[in-house]
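Notes follow once the structure below has been shown.
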Amino acid sequence: MLVLLALGHSGCLSNEPLQPHYGRAVPPRAQEFRWSDGGLPHIFDPAFAAAPPDTDLIRAIFEGLTDYDPRTLKPVPGVATRWESSREGRVWTFYLREDARWSNGESVTAHDFIKSWERTVKLGDSAPHTELLRNIEGAHSATSVSTQSPTVASKPALPRATPDSAQATGNAFGAEAISDHVLRVRLERPDVNFPSLVAHSVFRPVKVKDESLKRIEATEVVSNGAFQLAGTEENRVLLQRAEHYWGKNDISLERVAFVDTKNAESALAAYREGQVDAVTNAAFEPLAIKLLAPYEDFRRATYGAITYYSFNTNHSPFDDVRVREALAIAIDRERISQDGLGGATRAAKKFLPDEMTESNPPVVGRSELFERDVVRARELLAEAGFSNGDGFPRIRLLINRNEQQRLVAQSIAVMWKTVLNVDTEIVIKNWDDYQGAIRAGDYDIVRRGLVMQTTDELTNMRMMFRRDEIALSTAQQQSAATASEQQRSGKHALSQDAIDSEEQALRQLKAFPIYFASSYALVKPYVLGFDSNVLDAPSLKTVRIQTTWMPTK
């Protein structure tokens, strides 16, 4: 990779100026887009797609009720032309377009969505993102008993929602077809951003025979998106513009080729030689990123993947919010990102990146909470009874075995010692043992990470905090008299309310953020409409090739 980059920078060794674009930039004559996306897609079933390139293919060949505007990430019409809510965001009604068609020519109906969502819920843990459907009424109870292999045929079916069951309670699945083209969804908790959530690939409908729970293979795909599967080869997966797609006339690309370039080095070589038009999800080394940065076709964006530290509030003194706040504001996030991680990440001073909340900004109080404040950190620790760190127990910080996380943990431990005079024991475990220690509550603070699947604030907060909920703390199980004694001693009681918003997360301080990841891409200058965003989810529906593009002299 470094040799390739050195060749690309050869102009720096002569009197010639550095070229604005990396490598050969000659537009193809046809509307064909060649994409190196970190490998070839192997999953052709929305329920089973976990990450790119699989999720990128799913979004291209399947369409949900809504889709994301690739620039703003606001929900835009998909199969649904419009939607409305009642009961303050707890009941949503979607109105489906009558000209939406499957690739076999059949009409896409509300029943297709219900069957697909029920199927995903039945899959339980076999499907990577079933959790995203959890807020639909009835989905939680069904998921809790549906965690076996998807090939098991003896699973009980969920009760099918129908217009007659609109008022059903209990375990009834909260999606019903009012008609073929009207879909109503009832949620357990109000979610004003639910139209954004259903843009996720896991909510996209599928055509399956006999309600099969087996994964759909390439030869079985019947899709409803802007593109359809044209073929799979050893080194390519080919798509073509879908003949029956309702918005066919608005799609510029005629063909898309996912190209297997094996690794970052070969992806960079293929891009330099003009064999691919875009490179994403390549594991570029930090030095390569630094050398690519001057080129106009190199892109860097904040990615909605957060690394954060979570407290075990069962353990004293971490049940005191003042202690948690002191530890949270004693660290220098900018220094960790710039020095410790070479500028490859962005310091996180709250739980959601700004790019994710611009379209639907939450009401976030105390947004300055995670600014480094040495004086206040020391004052808070003293108020909690640990002036200058005296009497503070040694912190057991649990991390998974990873060199980057080890360096981050060491840096944070030094900052806690310097600012608060508290000691830290870094406990490093292999992944299985790390997960076991979390389940057992065998830690004081634990390193956690989350790749956000949506811009929906409720879903992101529930995924971030619900999985870290452990048995009720001893303090929460104590008698009212003991609780009153805690209150007299100045300890702040921990709220038992579920965390549904960033504001609650900042107030309760069960965890604190450290940094967001970055995503990188190389995109030829003649490729238009291939937009980067915080979900790392570009849309092929907006891409076109400027076949007449010429470099500026």
Are the charged groups of D45 and R119 less than 4.0 angstrom apart, N to O?
-> yes
For A175 and I114, work out which heavy atoms get closest and say how close.
-> O-CD1, 3.7 Å
Rounded to the nearest 0.5 Å, what separation is found between the CZ atom of F516 and the NZ atom of K350?
-> 6.5 Å
Contacts of D536 that satisfy side-chain hydrogen bond (donor to acceptor under 3.5 Å, both in side chains) - sequence neighbours left out | none
Expected output: side-chain S539 to main-chain P70 donor-acceptor under 3.5 Å | no
Quick one: does S518's side chain have a donor or acceptor within less than 3.5 Å of a partner on A344's backbone?
-> yes
Indicate yes or no: at least one non-hydrogen side-chain atom of S196 is less than 4.5 angstrom from one of L73.
-> no
Quick one: does M452's side chain get under 4.5 Å of I306's, heavy atoms only?
-> yes
Between atom NZ of K429 and atom CD1 of I438, what is the distance when rounded to the nearest 0.5 Å?
-> 11.0 Å
Validation row: D456, L132 side chains within 4.5 angstrom (heavy atoms) = no
Taking it one step at a time, do E383 and R376 satisfy salt bridge (charged side-chain N to carboxylate O under 4.0 Å, His left out)?
-> CA-CA 10 Å; E383 289 177 13; R376 175 158 176 77; 5.4 Å; no
Going from CD1 on I428 to CZ on R447, what distance comes out if it is rounded to the nearest 0.5 angstrom?
-> 12.5 Å
R333 (side chain) donor-acceptor with A348 (main chain) under 3.5 angstrom = yes
What is the minimum heavy-atom distance between Y303 and V451, and which atoms define it?
-> OH-CG1, 3.2 Å
Nearest-0.5 Å distance, CG of residue D444 to OG1 of residue T424 = 9.5 Å
Just by distance, do the side chain of W431 and the backbone of N400 share a donor-acceptor pair under 3.5 Å?
-> no
Side-chain donor/acceptor of R462 to backbone N/O of D500, under 3.5 Å | no
Side chain to side chain, E371 and I329, heavy atoms closer than 4.5 Å = no
Under 3.5 Å, is there a donor-acceptor pair between the side chain of T542 and the main chain of G529?
-> yes
With side chain to side chain contact (heavy atoms under 4.5 Å, CB included) as the test, would you mind laying out the steps for V408 and I399 before giving the verdict?
-> CA-CA 10 Å; V408 171; I399 66 172; over 6 Å; no
Working for side chain to side chain contact (heavy atoms under 4.5 Å, CB included), residues F392 and V323 = CA-CA 10 Å; F392 199 91; V323 169; 3.7 Å; yes
Within a strict 4.5 Å, meaning less than it, do heavy atoms of the Y434 and V446 side chains meet?
-> yes
Residue pair N263 / E265, side-chain heavy-atom distance below 4.5 Å = yes
Whether over 12 other heavy atoms sit under 6.0 Å from E88 CD | no
Compare every heavy atom of L187 with every heavy atom of V185, then report the nearest pair and how far apart it is.
-> CG1-CD2, 4.0 Å
Considering only heavy atoms from C-beta outward, does the side chain of T345 approach that of T307 to under 4.5 Å?
-> no
Could you tell me which non-hydrogen atom of P128 sits nearest to which non-hydrogen atom of A47, and how far apart they are?
-> CD-O, 3.3 Å
Trace of the side chain to side chain contact (heavy atoms under 4.5 Å, CB included) decision for L397 with Y309 = CA-CA 9 Å; L397 172 58; Y309 279 10; 3.7 Å; yes
Donor-acceptor under 3.5 Å (R324 side chain, F318 main chain) = yes
The single option from V198, V202, N193, L197 passing side chain to side chain contact (heavy atoms under 4.5 Å, CB included) against T454 | L197
Is it true that the side chains of Q435 and R439 contain a donor and an acceptor less than 3.5 Å apart?
-> no
State plainly whether the residues D442 and R396 are in salt-bridge range, i.e. N to O under 4.0 Å.
-> yes
Answer yes if the ring centres of F530 and W35 are under 6.0 angstrom apart, and no otherwise.
-> yes
Between CZ of R204 and CD of E63, what distance do you get to the nearest 0.5 Å?
-> 7.0 Å
Is a side-chain donor or acceptor of D54 paired with a backbone partner of H42 at a separation under 3.5 angstrom?
-> yes
Any idea which heavy atoms bring V279 and A267 closest together, and the distance?
-> CG2-O, 3.8 Å
Please work out whether the ring planes of F113 and W117 are parallel, tilted or perpendicular, with thresholds of 30° and 60°.
-> perpendicular
Do K510 and Q504 come close enough that some side-chain heavy atom pair is under 4.5 Å?
-> no
Is there a donor-acceptor pair under 3.5 Å between the side chain of H129 and the backbone N or O of A50?
-> yes
In plain terms, say whether E176 and R186 are close enough for a salt bridge, that is, a side-chain N and a carboxylate O under 4.0 Å apart.
-> yes
Less than 4.0 Å between a side-chain N and a carboxylate O, is that true for E379 and R322?
-> no
What are the two closest non-hydrogen atoms of F386 and G391, and how far apart are they?
-> CE2-O, 3.5 Å
Would you call K349 and E334 a salt bridge, taking side-chain N to carboxylate O under 4.0 Å as the test?
-> yes
Electrostatic pair R406-E403, nearest N-O below 4.0 angstrom = yes
Backbone N/O of F351 and side chain of E502: donor-acceptor pair under 3.5 Å = yes
Cut-off 3.5 Å, side chains only: do R346 and T302 have a donor facing an acceptor?
-> yes
Centroid-centroid distance, F370 to Y308, less than 6.0 Å | no
Measure the spacing between CZ of F62 and OG1 of T55 and express it to the nearest 0.5 Å.
-> 13.0 Å
Do R189 and N135 get their side chains close enough for a donor-acceptor pair, meaning under 3.5 Å?
-> no
For A537, side-chain contact (heavy atoms from CB on, under 4.5 Å) partners two or more places apart | R59, N533, L535
Given the rule in the side chain to side chain contact (heavy atoms under 4.5 Å, CB included) test, do L327 and L420 qualify, once you have shown the distances and angles that lead to the verdict?
-> CA-CA 8 Å; L327 293 169; L420 301 174; 3.8 Å; yes
What is the ring orientation for F94 with W83, classed by angle as parallel under 30°, tilted 30 to 60°, or perpendicular over 60°?
-> tilted
